[in-house]
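Bear in mind that the values here come from a model prediction, so they are computed numbers and not experimental data. The sequence lines fix the lettering, A, B, ..., with proteins before strands; numbering per chain opens at 1.
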Protein chains: 2
Amino acid sequence: MLLTTSAEENYLKAIFKISEKDPGPVLTNALATAMGTSAASATDMLKRLSEKQLVAYEKYRGVTLTPEGNRLATSLIRKHRLWEVFLVEKLGFAWDEVHDFAEQLEHVQGDNLTDRLDEYLNHPRFDPHGDPIPDAQGRWIRRPQVRLTTLSPGQKGIVTGVDDHTSPFLQYLDELGIALGVAIELLDRTAYDQSSKVRISGKEYTLSEKASQNLFLRLE
Amino acid sequence: MLLTTSAEENYLKAIFKISEKDPGPVLTNALATAMGTSAASATDMLKRLSEKQLVAYEKYRGVTLTPEGNRLATSLIRKHRLWEVFLVEKLGFAWDEVHDFAEQLEHVQGDNLTDRLDEYLNHPRFDPHGDPIPDAQGRWIRRPQVRLTTLSPGQKGIVTGVDDHTSPFLQYLDELGIALGVAIELLDRTAYDQSSKVRISGKEYTLSEKASQNLFLRLE
DNA sequence: AAATATTTTTAGACTTGTCTAAAAATAAAT
DNA sequence: ATTTATTTTTAGACAAGTCTAAAAATATTT
């Protein structure tokens, strides 16, 4: 059994997420930025992770996860998302309140905890933000994710997820009545700034470009 | 808001527990032993905790918790025990499996988590080992705790708690059918080694002195 | 009260993880 | 192809927490 610290685990997750969006080796600077730290610190950490065989690291060439590193990162994401489901479904937190808790809970170690939690929650396949939850074997379902910005006027979609988990954004969505499962119809798009005119349960709203960009939909 | 590390929190808990059993200042050596570390390390930590005003520490004279330190220690015990209830009641773990998880979960920080968990669990007053759970104000009910070793032959009691949370001991109790709420009648005590002959739901057993010492009962 | 034993503290070193500043390597621009 | 700009690494320092060994304080024994 391999021992990892929370700090190491957070770096692994960051590497995983960056290479998910942007395949290929992750550069030190991108990692440092994602971790909110300096390139020097990232380099230090990459050396440690490399010694533990969790990443393949080549000086100046960036880093990729080894199979073991990938397994660990996937498990962390599984834990994070399961805990988020628990916090929302069982403890009654709002979707904008759970990230920081899950960030800590995902590092709790020990046999079987994750699988029991998964069982208890009835094997949810998506977390409260619509992100897919890997199963015990590390496999997950790809979420239907058409961005609102790609719709043509007149098209309708059901919200399946959000790409920004920050409290202000999620609360802004709450105010508009936007939640997972809600139907949105694109009425029109402002030409000069790409903001969207939409209809949500009968009412019309204007969504900023950023908000439009951060909404994932399944087309109806 | 005061920031504390897990290591600091564990020391605070240890100080709390030692002075619970043995009132008065906690000596460095006792603390080091409880923490499984050296007296030198304990001294180092006491300086840090003292700077943070969590303990009143006088060189060579031992240490006591400040009101703030006491509040924090009590809150940690509350969190630990609530998580244990969750793990046993909701996730279906056995009472000997939950300690290590709770040891990690108790350090999760953030507003409201503990109180929501408490609410969700229906404000339990005792954890799976029979230990009282402090409420949000830090108050708790004292558990009826007569030790089996203090009973006279012929007396009966209901198990209300155990004073040893280790897996081997709890599994030993499982084998004998001893759990919270089970009735035990003391039949006889061996003179030379204080082990106890008992009756549990009709059957007779002999409990070692150590086991007898670690069982708390409410007299019938 | 002096000698001995125990406890506690200090001193110095190590690890993990962080930082800033400087050096080295790579990439981009002329 | 050389200069310039950017990225990355190294070097050295710091903090938290640990350790062992030695020094200092307290307690116990004679």
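Between B/Glu8 atom CD and D/dA16 atom P there is a gap of 8 Å when expressed in whole angstrom units. For B/Leu46 and C/dT7, the CG to P distance is 17 Å, given to the nearest whole Å.
No salt bridge links B/Glu209 with B/Arg189; every basic N to acidic carboxylate O contact stays at or beyond 4.0 Å.
Between C/dC19 and A/Ser38, a contact under 4.0 Å exists linking OP1 or OP2 to a side-chain N or O. OP1 or OP2 of C/dC19 sits under 4.0 Å from a side-chain N or O of A/Thr37. In this model, the phosphate group of D/dT18 is not approached by any side-chain N or O of B/Ser41 to a distance below 4.0 Å at OP1 or OP2. At the phosphate of D/dG17, OP1 or OP2 sits under 4.0 Å from a side-chain N or O atom of B/Thr5.
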Would B/Arg81 and B/Glu106 satisfy salt bridge (charged side-chain N to carboxylate O under 4.0 Å, His left out), going step by step from the backbone distance to the final call?
-> CA-CA 8 Å; B/Arg81 293 179 182 170; B/Glu106 74 190 7; over 6 Å; no
For nucleotides 11-13 of chain C, tabulate all protein N/O to nucleotide N/O atom pairs closer than 3.5 Å, reporting atom names and distance.
none

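Heavy-atom distances under 4.0 Å link DNA chain C to A/Arg48, A/Tyr60, A/Arg61 of residues 47-63 of chain A, given in residue order. DNA chain D lies under 4.0 Å from at least one heavy atom of each of the following residues of residues 15-33 of chain A: A/Leu27, A/Thr28, A/Asn29.
Taking 4.5 Å as the limit, some side-chain heavy atom of A/Asp163 sits within range of a side-chain heavy atom of A/Phe216. Looking at B/Leu31 and B/Leu46, their side chains come closer than 4.5 Å, going by heavy atoms from C-beta outward.
The residue A/Ala39 sits close to a base: some heavy atom pair falls under 4.0 Å.
Counting only distance, with no hydrogens or angles, the side chain of A/Lys17 and the backbone of A/Leu12 share no donor-acceptor pair below 3.5 Å. In terms of modelled atom types and a separation under 3.5 Å, the side chain of B/Arg147 and the main chain of B/Ser212 share no donor-acceptor contact. Side-chain N or O atoms of A/Thr66 include one that pairs as donor or acceptor with a backbone N or O of A/Gln53 at under 3.5 Å. Checking side-chain atoms of B/Gln171 against main-chain N and O of B/Pro168 turns up no donor-acceptor pair under 3.5 Å.
Checked against a 6.0 Å centroid threshold, the rings of B/His129 and B/His99 do not count as neighbours.
Between B/Trp83 and B/Phe86, the ring-plane angle classifies as perpendicular under the 30° and 60° cut-offs.
Within 6.0 Å of NZ on B/Lys90 lie more than 12 heavy atoms contributed by other residues, nucleotides or ligands.
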